[in-house]
Enquirer: 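What follows is a single structure, and I will ask about it in a moment.
In this text the structure is predicted, and so the values were computed from the model without any measurement.
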Amino acid sequence: MKRFFILTSLLTFGFVIPVQGAPFFTDGFEYAPGTLITNSSGVWTTYSGTAGQIQVTEDQKVQLLLTASEDVERLAGPSLAPGDTWYYAAAVTLTDNRALEEIGTISINDTYFMNFKDNTQFNLRGRLFIKQGTDPSKFTVGITSSSSSPTQAAATWGADLDFGTEYKFVVAYTASDGEGPGTRDGFADLWVNPTSSSSTFITDSNPNANVSSDLTSPMVALALRQGTGSPTSNIPQQPSFLIDIVSIGDNFNEVYEAIGGVIVAGQPGDFDDDGDVDGRDFLIW
């Protein structure tokens, strides 16, 4: 009752607490096996590469290959407003396609496979990379804030990950508000199997050179990316991806729980149970 009384009083005096809703969409790829863009009835569309290459498997997962070139997107619905933060989450399993004797000889290429995008092919944010692990038989992941970052991840997860194991990744991107350098403008963050937004994460804190384009060409979609399909000598030996479920929205907890992530409740000061402690919690308190 006390918490309700304080909240009611604050609203009476004209304070408004922003309410964040459910994810914009969650997709478990429950389509018939076959071509994703066809069997999703246009929910996913090709924006680059050879259309029709990305497949839905018999067990309703999406397979991404580095030997193919199709990139697809699904519109979020809203657009990412200046200064706001969006999250995407995905449950992903990687397969090592190297023969045993090739491990240690053929390295895993830095390759991004998921990101936010605008309504063009060129402005990408929060790119999620795979990378060679410290142990040559393993991999790790990394993040870049944008498409103008180097071809390698700008920030790298500090531990090796295992092939054949499903991991839950969460990526955040905060759009520029156009008011000059801010504390989070153009930053991207990455979590691996978190228990809340306060879990360990890494950040690419170097906004891209065209971060001001967030004002004129905002993020509107989640994209899945394959390789270039280029005949590089070791492309067939590079990992393949199985994506079981994805989600996108403006609330860490909502997006993470939508892909089966478990939030450990009880963070001190998190009165609205959204995984962080901020001004909304202060107003409720």
Side-chain angles (χ1 to χ4, degrees), residues 23-80 86 88-95 97 108-130 141 144 146-149 151 153 169 171 173 208 210 213 217-249 258-259:
F24 305 145
F25 73 75
T26 300
D27 198 327
F29 305 111
E30 296 176 350
Y31 311 119
T35 305
L36 174 62
I37 60 170
T38 299
N39 294 355
S40 68
S41 300
V43 170
W44 291 88
T45 58
T46 305
Y47 74 89
S48 179
T50 302
Q53 291 180 333
I54 294 181
Q55 298 289 302
V56 179
T57 66
E58 291 287 341
D59 54 352
Q60 296 182 312
K61 298 180 181 181
V62 160
Q63 185 177 51
L64 304 182
L65 303 172
L66 300 186
T67 54
S69 64
E70 182 185 26
D71 304 327
V72 299
E73 66 179 340
R74 177 171 173 174
L75 295 175
S79 300
L80 177 56
W86 274 8
Y88 68 78
V92 184
T93 303
L94 271 72
T95 299
N97 293 315
I108 296 167
N109 299 336
D110 275 35
T111 307
Y112 70 94
F113 62 96
M114 194 175 302
N115 53 268
F116 296 113
K117 71 177 290 293
D118 67 359
N119 59 7
T120 74
Q121 297 183 26
F122 309 109
N123 285 325
L124 313 177
R125 303 287 189 263
R127 294 189 300 167
L128 178 57
F129 279 74
I130 58 165
V141 287
T144 60
S146 72
S147 51
S148 65
S149 300
T151 55
F169 303 118
V171 171
Y173 178 73
N208 63 303
N210 71 336
S213 67
S217 189
M219 300 298 103
V220 296
L222 178 65
L224 306 179
R225 178 185 184 268
Q226 297 194 110
T228 62
S230 301
T232 306
S233 59
N234 69 347
I235 282 292
Q237 287 84 15
Q238 292 298 302
S240 54
F241 307 75
L242 283 176
I243 303 177
D244 184 48
I245 186 170
V246 295
S247 187
I248 179 174
I259 69 161

Enquirer: Compare every heavy atom of I37 with every heavy atom of G52, then report the nearest pair and how far apart it is.
Expert: N-CD1, 3.8 Å
Enquirer: To the nearest 0.5 Å, tell me how far S247 OG sits from D27 CG.
Expert: 9.5 Å
Enquirer: Between atom CD1 of I54 and atom OG of S69, what is the distance when rounded to the nearest 0.5 Å?
Expert: 9.0 Å
Enquirer: Would you compute the distance between atom CD of E70 and atom CG of L64 and round it to the nearest 0.5 angstrom?
Expert: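 So the CD of E70 and the CG of L64 are separated by 9.5 Å.
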Enquirer: Where the side chain of S217 meets the backbone of S213, is there a donor-acceptor pair that is under 3.5 Å apart?
Expert: no
Enquirer: Indicate the ring-plane relationship of Y112 and F129, choosing parallel, tilted or perpendicular according to the 30° and 60° boundaries.
Expert: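 Tilted, since the angle between the ring planes falls between 30° and 60°.
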Enquirer: Please name the pair of heavy atoms, one in R74 and one in Y31, separated by the smallest distance, quoted to 0.1 Å.
Expert: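 Reported closest heavy-atom pair: NH1-OH, 4.1 Å.
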Enquirer: Going by the angle between their ring planes, with limits at 30° and 60°, are Y88 and F116 parallel, tilted or perpendicular?
Expert: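 Judged by the thresholds at 30° and 60°, the geometry between Y88 and F116 is perpendicular.
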Enquirer: So which heavy atom on M114 is nearest to which on V246, and how close?
Expert: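 M114 and V246 have their closest heavy atoms at CE-CG1, 4.3 Å.
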Enquirer: So how far is it from T45 OG1 to E73 CD, rounded to the nearest 0.5 Å?
Expert: 4.5 Å
Enquirer: Regarding T111 and N109, is there a side-chain donor-to-acceptor distance under 3.5 Å anywhere?
Expert: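 No donor-acceptor contact under 3.5 Å links the two side chains.
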Enquirer: Please confirm whether the backbone N or O of S146 pairs with a side-chain atom of R127, one donor and one acceptor, at under 3.5 Å?
Expert: yes
Enquirer: Quick check: do I108 and Q238 have side-chain heavy atoms less than 4.5 Å from each other?
Expert: yes
Enquirer: Where is the tightest heavy-atom contact between A91 and I259, given as atom of each residue plus distance?
Expert: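 Reported closest heavy-atom pair: N-CD1, 4.0 Å.
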Enquirer: Is it true that a side-chain atom of N39 and a backbone atom of P33 form a donor plus acceptor pair closer than 3.5 Å?
Expert: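 Yes, N39 side chain to P33 backbone: donor-acceptor pair under 3.5 Å.
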Enquirer: Going from CZ on F241 to CG on L128, what distance comes out if it is rounded to the nearest 0.5 angstrom?
Expert: 8.5 Å
Enquirer: Starting at CG of N115, measure out to CG of L222 and round the result to the nearest 0.5 Å.
Expert: 7.5 Å
Enquirer: What heavy-atom pair brings A68 and Q226 nearest, and what distance separates the two atoms?
Expert: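 Smallest heavy-atom distance, with atoms named: CB-NE2, 3.3 Å.
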Enquirer: When M219 is tested against each of L124, I248, N123 for side-chain contact (heavy atoms from CB on, under 4.5 Å), which residue passes?
Expert: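 So, applying the side-chain contact (heavy atoms from CB on, under 4.5 Å) to M219 and each of L124, I248, N123, only N123 qualifies.
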Enquirer: If we only count heavy atoms from C-beta on, is the D110 to T151 side-chain gap below 4.5 Å?
Expert: no
Enquirer: Do you know which two heavy atoms are closest between L94 and P239, and how far apart they sit?
Expert: CD2-CB, 4.2 Å
Enquirer: Find out whether L75 and F24 are in side-chain contact, i.e. whether some heavy atom of one side chain is under 4.5 Å from a heavy atom of the other.
Expert: no
Enquirer: Compute whether any side-chain donor of one residue and acceptor of the other, for Q63 and T57, lie under 3.5 angstrom apart.
Expert: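 No, T57 and Q63 have no side-chain donor paired with an acceptor closer than 3.5 Å.
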